[in-house]
Undergrad: 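The structure is given below, and queries will be raised subsequently.
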Amino acid sequence: MHADPKGVLTGIHFIDGDHAACEGALAAGCRFVAGYPITPSTEVVERFASRIPLVGGVFIQMEDEIASSIAILGGAWAGKKVMTVTSGPGLSLMMEHIGLAVITETPCVIVDVQRGGPSTGLPTLPAQADMMQVKWGSHGDYEIIALSPNSPQECFDLMIKAFNLAETYRVPVFFMMDEVVGHMTERVAIPAPEAIDIVDRKWTTKKPGEYQVYMPGEDQVPEMVKAGDGYRIHVTGLTHDERGYPAMNPVAQDKLVKRLIGKIRDHREEIVDVREDGVEGADIVVVSFGITSRVAQAAVEQARTRGVKVGHLRLVITWPFPVTRITQLAESAKAFVVPELNMGQMVLEVERAVAGRAAVISIGHAGGTVHEPITILNRIMEAAQ
Amino acid sequence: MNELPSFDANLEQEFGLINPVMPYLRQDRIPHIWCPGCGIGTTVNCFARALTDSGMDLDKVAIVSGIGCTGRVAGYMNLDSFHTTHGRAIPFATGLKLANPGMKVVVYSGDGDLTAIGGNHFVHAARRNMDLMVVCVNNFTYGMTGGQVAPTTPVGPSQTTMPYGNFENPFNLPFLADACGAVYVARWTVYHVKQLAKALLEGLHKKGFVFIEAMSPCPTLYSRRNRLGDGVDQLKYYKEKSVIRNGADTKEVGIAYQGEIVVGKFVDRDRPTWLDSMNEHYGKVFGDRFTPYGVTDGQE
């Protein structure tokens, strides 16, 4: 289906990533946002608060991020497409409800405009250091999806994809911006509503009595209903059976957890999204994501002028990780160079996929600014020797 | 209810033997987990009766619980029911209500859940006058985890984490709710089943933040540890030491250990809800360009 025109601000804009992300959410059909102010993400909810009265929907500023992260789950079960927006310290507070969203299979989008940490860290300066937290931060075993935009345009485009993935797989989807992407102002083209493809919720066509709230389809994803439609559903954070009833035993646990993980892992090849530039047959492959990919691209182009056969693989979707593609490239590449605004997080996944068949070079950065292209260039040149 | 092994439509037709609250319960989830002498089931009975008397379309009533013994209530009610995380029933319910204002949303949880870990959400939902009915079953203790001190435990009794007797000052919950702006505040005990059912009925029809405290025994932990007898002994205490004082100043209704319990309807006033305020305000700001949210068919 196409986007609801009410939420789409078609035209050419000169806006920052935070504002573009908000427009992406509105275009994607998001009509309920609960949030709590935190730098450098606040502009997303500020824009939503200003836009939503005439689009039709609700914004509420909750008392903290714990409340925001569960209010959106209530909103989703009432039938809305929902989002919350935060940065590191707020993300830490939300962790319990990531788990609740996973086990109750509640579609939602969580925007994390990353800043330097740990703790209060660098509120106004960038980092990419929450990549492992979104993957592993809540207790228990689970899978999520994460996207890493590198420009205001992508903040718009990928936000629509984020909502579509959340609805398709009924899973929390993380939108992993950073302070630079959030605050850089660039040209953003918003297409006409009919040019925006929207995935609707997987509503059931079954009648009350026939419907079971957690009966999975062939894709392992159950159909959904909303509160108030007469289905009298029960939804719990406890391990549950297909009826949604608590079933606290190893058999039910095995069945549920394997499905929650399987519905993402078994669709990994459909979900992963990488942008490749000259990686085929390259000696050196730079793997990057988010803002760092723009710095890395400059380094890659300079290395090429010096005769190095270097490719660039950008992770547009960071979770699930494109294990298969990296494994293929490891057959021929000599080295992988992984710059990121953290002390080495996604590089661990690269190492896992490469499995010793090539060198893997981490270019960590504690955050606060972006890499200098020369830093990445030097490591590419070293690897090429 | 326990005398009936299972729901049998024939029994109902021939002998009228079915407990009238049965249709409100998820029969396939009975027996429940609550201990003998616990009062939570009694409050559920009162709630079911209130639902019957309300005449509401039960498809449009949702119940949200947190974690704990009372947190299990959602799982037994034959309504759209949500068993959420510890302390966070109110913000979940807030999202549910705002995203579908046509629903009547009831939060049903325990004193520890609502007023310790969930205390911040409680005060803010009351401040905003979020249109929720909050039922707090207060047994003075953390039952599910084995009898720890709660923000409601009076000074004096022993709890596992106050083994020499509690020395912390407890909350006076009606005063807290009143001070934060609740439009309806009542307290009853599970001895007062008629009054409790009536308060729940009034609460269902009241618009805005409704707070109903239902005092309930925990014979397994609180009573046994403090040699207060069984559930019946606590009911006797409620009977003997309760004083009905409708309209009482909520400042004056704090509870001392085994002391007087002031019960009644303390607050019943009108204040615009969060959504009403939003609609009215945006109507003024935007004029005809604004379509009031959630007031057309109850579904949007």
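Quick caveat, the model's predicted, so the values are computed rather than measured. Letters A, B, ... are given to chains in the order of the sequence lines, protein chains preceding strands, and every chain is numbered from 1.
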Undergrad: Step by step, work out the side chain to side chain contact (heavy atoms under 4.5 Å, CB included) result for B:L58 and A:R232.
TA: CA-CA 9 Å; B:L58 298 187; A:R232 309 282 182 96; 3.4 Å; yes
Undergrad: Most heavy-atom pairs under 4.5 angstrom with chain A, which of B:P91, B:A62, B:G87?
TA: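 Looking at each option in turn, the highest pair count goes to B:P91.
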Undergrad: Is there any residue in residues 59-66 of chain A with a non-hydrogen atom under 4.5 Å from a non-hydrogen atom of chain B, and which ones are they?
TA: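 From residues 59-66 of chain A, the residues near chain B are A:F59, A:I60, A:Q61, A:M62, A:E63, A:D64, A:I66.
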Undergrad: Heavy-atom pairs under 4.5 Å with chain B - which of A:A76, A:G79, A:G74 has more of them than the others?
TA: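 When all of A:A76, A:G79, A:G74 are compared, A:G74 has the most.
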Undergrad: Is the closest side-chain heavy-atom distance between B:W274 and A:V58 below 4.5 Å?
TA: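 Result yes, sub-4.5 Å side-chain heavy-atom pair found.
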Undergrad: Can you confirm whether more than 12 heavy atoms, excluding those of A:Y142, are under 6.0 Å from its OH atom?
TA: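 More than 12 within 6.0 Å, yes.
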Undergrad: What part of B:F82 is in contact with chain A, defined as an atom under 4.5 angstrom from a non-hydrogen atom: side chain, backbone, both or neither?
TA: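 Backbone plus side chain of B:F82, per the 4.5 Å heavy-atom cut-off to chain A.
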Undergrad: Donor-acceptor check, side chain of B:D59 to backbone of A:G228, threshold 3.5 angstrom: yes or no?
TA: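 Not confirmed, B:D59 side chain does not pair with A:G228 backbone.
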Undergrad: Atom OG1 of B:T94 and atom CD1 of A:I70: how far apart are they, to the nearest 0.5 Å?
TA: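 Interatomic distance, B:T94 OG1 to A:I70 CD1, rounded to 0.5 Å: 10.0 Å.
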Undergrad: Can you tell me if NE2 on A:H2 sees more than 12 non-hydrogen neighbours from other groups inside 6.0 Å?
TA: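 More than 12 heavy atoms, drawn from other residues, nucleotides or ligands, come within 6.0 Å of this atom.
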Undergrad: Does A:D141 have more than 12 heavy atoms from other residues, nucleotides or ligands lying within 6.0 Å of its CG?
TA: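 Counting neighbours around CG of A:D141, 12 or fewer heavy atoms of other residues, nucleotides or ligands fall under 6.0 Å, so no.
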Undergrad: If the condition is salt bridge (charged side-chain N to carboxylate O under 4.0 Å, His left out), which residues does B:D28 pass it with, not counting sequence neighbours?
TA: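 With neighbours one apart ignored, the set is A:R243.
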Undergrad: What pair of heavy atoms forms the shortest contact from B:N100 to A:A78, and how long is it?
TA: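 Reported closest heavy-atom pair: CB-CB, 3.6 Å.
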Undergrad: Are A:P246 and B:R29 packed together at the side-chain level, in the sense that at least one heavy-atom pair is separated by less than 4.5 angstrom?
TA: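 Sidechains of B:R29 and A:P246: in contact.
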Undergrad: Between NE2 of A:H234 and CG of B:N78, what distance do you get to the nearest 0.5 Å?
TA: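 The distance works out to 11.5 Å.
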Undergrad: Which atoms of B:R127 come close to chain A, meaning under 4.5 Å heavy atom to heavy atom: side chain ones, backbone ones, both, or neither?
TA: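 Neither part.
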Undergrad: Sequence neighbours left out, what passes salt bridge (charged side-chain N to carboxylate O under 4.0 Å, His left out) with B:K284? Give chain and number order.
TA: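 By the salt bridge (charged side-chain N to carboxylate O under 4.0 Å, His left out) rule, B:K284 matches B:E280.
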Undergrad: Search all heavy atoms of B:Y282 against all heavy atoms of A:A49 and return the closest pair with its distance.
TA: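 Here B:Y282 and A:A49 meet closest at OH-O, 4.4 Å.
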Undergrad: Do you know which two heavy atoms are closest between B:L98 and A:F32, and how far apart they sit?
TA: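 Taking B:L98 first and A:F32 second, the nearest heavy atoms are CB-CE1, 3.8 Å.
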Undergrad: List the atom of B:R26, the atom of A:I233, and the distance in Å for their closest heavy-atom pair.
TA: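 Minimum heavy-atom separation between B:R26 and A:I233: NH2-O, 3.0 Å.
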Undergrad: Which residues from residues 94-109 of chain A are near chain B, with near meaning under 4.5 Å between non-hydrogen atoms?
TA: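 When heavy atoms of chain B are the reference, residues 94-109 of chain A contributes A:E96, A:H97, A:L100 within the under-4.5 Å range.
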Undergrad: If you count the non-hydrogen atoms of other residues, nucleotides and ligands that lie under 6.0 Å from NZ in A:K255, is the total more than 12?
TA: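 No - once you tally the heavy atoms of other residues, nucleotides and ligands closer than 6.0 Å, there are 12 at most.
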Undergrad: Relative to chain B, which segment of A:A67 carries a heavy atom at a distance below 4.5 Å: side chain, backbone, both, or neither?
TA: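 Contact with chain B: backbone and side chain both.
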Undergrad: Taking every non-hydrogen pair under 4.5 Å, which of B:V64, B:V61, B:N120 racks up the most with chain A?
TA: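 Among the listed options, the one with the most contacts to chain A is B:N120.
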Undergrad: If you draw a 6.0 Å radius around CH2 in A:W136, do more than 12 non-hydrogen atoms from other residues or ligands fall strictly inside?
TA: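 Count not over threshold, so no.
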